[in-house]
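Labels below follow one simple rule: chain letters A, B, ... track the order of the sequence lines, proteins then strands, and each chain is numbered from 1. Note that this is a predicted model, so its numbers are computed, not measured.
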2 protein chains.
Amino acid sequence: MANKIKFERESVVRLASQLFWQKGFHATSTRDLQEAINMRPGSIYSAFGSKEGLYSESLKDYTLQMKAQIEGFLSNTDTVLEGLRAFVENVIIETKDCSPSAICMLVKANSEFAEKDANLYELSLNLAAQFEAYLTQLFEQAINNGELNSTMTALEYARFFQVQFTGLRGYFNRPGVTQLAQPMIEQMFLLIKKL
Amino acid sequence: MANKIKFERESVVRLASQLFWQKGFHATSTRDLQEAINMRPGSIYSAFGSKEGLYSESLKDYTLQMKAQIEGFLSNTDTVLEGLRAFVENVIIETKDCSPSAICMLVKANSEFAEKDANLYELSLNLAAQFEAYLTQLFEQAINNGELNSTMTALEYARFFQVQFTGLRGYFNRPGVTQLAQPMIEQMFLLIKKL
DNA sequence: TTTTAACTTTAGCAATCGCTCAAAATCAAC
DNA sequence: GTTGATTTTGAGCGATTGCTAAAGTTAAAA
C-alpha cells in the first residue's frame, strides 16, 4: 500500500561517505550531497533526518568497511601480523590514489569536531574506542599464536599500532613521498615485533 | 598626517590562530573571528584581505611559534634529544588542557584542505616541508653530537619523529588516556635511540 | 478502478555566510 | 582649531547554507 523506495540505502551511504571523507563535514554542502547520491532534499531528509544523520551513518559505515577489509586480509594470510601488514600496505600504497583521502575518516572526524559535547564528536570517540577494542582482540590472537611476545599487553600493541598507522597515513597525505611508504611500513612492523 | 592602526597585528593573528586551530577553517565564521579578535569586518578585510588571508597568516604564525618553542627547550637542555623530548612532553602533557586542540594545526590544515590546487592546501604543504627541513637540521646536530648513531640519515630521523609525534597527538586527542602519555613518549624516544 | 499510504520532487524559506562601502571617528601636521 | 589622510564602524548586500512543506508520483490494497 505504498510507493517503494527507489534508492539503495547501502550504496547511497557509501557515496555520501566518500564525499564526506574527502571534503570533511563542514565543507560538504547538502547540494554537494544531493548531486553525489542523486537524491533530492525531501528524500534525503526523510531517509536520514539531517545532514548530521547522513554523516553519522556514513562514518559508521566507514568503520564497518574498514573492519571488513581487515577481515578480508586476515582470511588470506597465515598470521595476524601478515594480515595487518597487508591491510596497512593496501591502505597506504595500493589504494592511495583511489581513496578520497590518505587520512582515516575517523581521525579526520575526531579532528574536525572540536566541541566536546557535539553528537558527532561523541560518535567519533565511540567508533574509535570500538575499533581499538577490535584491534586489541586481533593482537590477543597474535600473542596467543606466539607471533608476538607478551612483554606488552594486547591493548598496548593495539595502541602502538594505531599511533604508527595514524602517523604514517598523516605523513603520506603529502605528495611525492610514495617511495618511502614501503620501507617505513617495513620499519613499523619490525618495531612491533621487537617491542 | 593620518590615523594610526589601533590593533597589534601580532596579538590579533595569535587570537585568530587559536580560534582557527580549535574549530578549523570552514567551521570558523567571520563573525566568530570578529568577536575573538575584537575587530569589525572593514578593519579585518583592509588588514588581511580575506578570511583565507587571515588564516594564512595564522598558520604561518603557528609554525613560527612552534619552532620558537622548540628553540626555547633546546636552549635549556644539554642535548638535542632532551630538548625535543621536553617539547613533546610539553605539547602532549603540560599544555594539553590550555591548547585549542591536541592535534597540530598544520596536520589539521593538511587534513582539512582536500582540493589539491587550493591555496591553503599548498600553504600547509610548504609549511610542513619547511618544518621537516628544520627538524632535519636538529637531527643532523644530534648525529654530529653522537647522541644518535648514523645508521639512519637525519632526514629519516626527522620523518620518524614526525610520524611518532603526529600519531601520539592524534591518539591523545581522545579524553581519558592522559596517564598513558608519559610512558608512550618514553617509548618513542627509546625507539629513536635504538633505531 | 478507486483509494490510500508512502515516496519523490520542487520551489523556496529563514538563517547565516563572506564580504563591501559610505559614513563616522580618529589623529598627525599645520 | 582646522585640515586632511587614514582607520574604524556597522548596516547590509548577494550568495549560499541546511532544511521544509506542499504538490506530484507511484504502487499496493480494497
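One atom, NZ of B:K51, and another, P of C:dC17, lie 9 Å apart when rounded to the nearest Å. Per the geometry, CD belonging to A:Q34 stands 12 Å off C1' belonging to D:dT16, to the nearest Å. Atom CD1 of B:I44 is separated from atom C1' of C:dC17 by 14 Å (rounded to the nearest Å). Atom pair A:L54:CG and D:dC19:C1' shows a separation of 14 Å (rounding to whole Å applied). Nucleotide D:dT16 holds its P atom 13 Å from the NZ atom of A:K23, rounded to whole Å. When the P atom of D:dT9 is taken as reference, atom CE of B:M39 falls 8 Å away, rounded to whole Å. Counting to the nearest Å, the C1' atom of D:dT16 and the NE2 atom of B:H26 are 13 Å from each other. Rounded to whole Å, the distance from CZ on B:F48 to C1' on D:dT7 is 14 Å.
Ring centroids of A:F87 and A:F161 are separated by 6.0 Å or more, keeping the two rings apart. The distance between the ring centers of B:Y55 and B:F113 falls below 6.0 angstrom.
By the 6.0 Å contact criterion, CD on B:Q34 is enclosed, its count of non-hydrogen atoms from other residues, nucleotides or ligands being greater than 12.
Map A:R31 and B:S43 each onto its nearest nucleotide of DNA chain C; the residue landing nearer the 5' end is A:R31.
In this structure, the nucleotide among D:dA11, C:dC17, D:dT20 sitting nearest to the side chain of B:S29 is C:dC17. Between D:dC19, D:dT9, C:dT20, one nucleotide has an atom nearer to the side chain of A:S50 than all others, and that is D:dC19.
Considering only side-chain N and O atoms, A:T30 lies nowhere under 4.0 angstrom from the phosphate OP1 or OP2 of D:dT17. One finds a side-chain N or O of B:Y45 lying less than 4.0 angstrom from the OP1 or OP2 phosphate oxygen of C:dC19.
Hydrophobic cluster membership differs between A:I103 and A:F172, with clusters built from Ile, Leu, Val, Met, Phe, Trp and Tyr side chains linked at under 4.5 angstrom.
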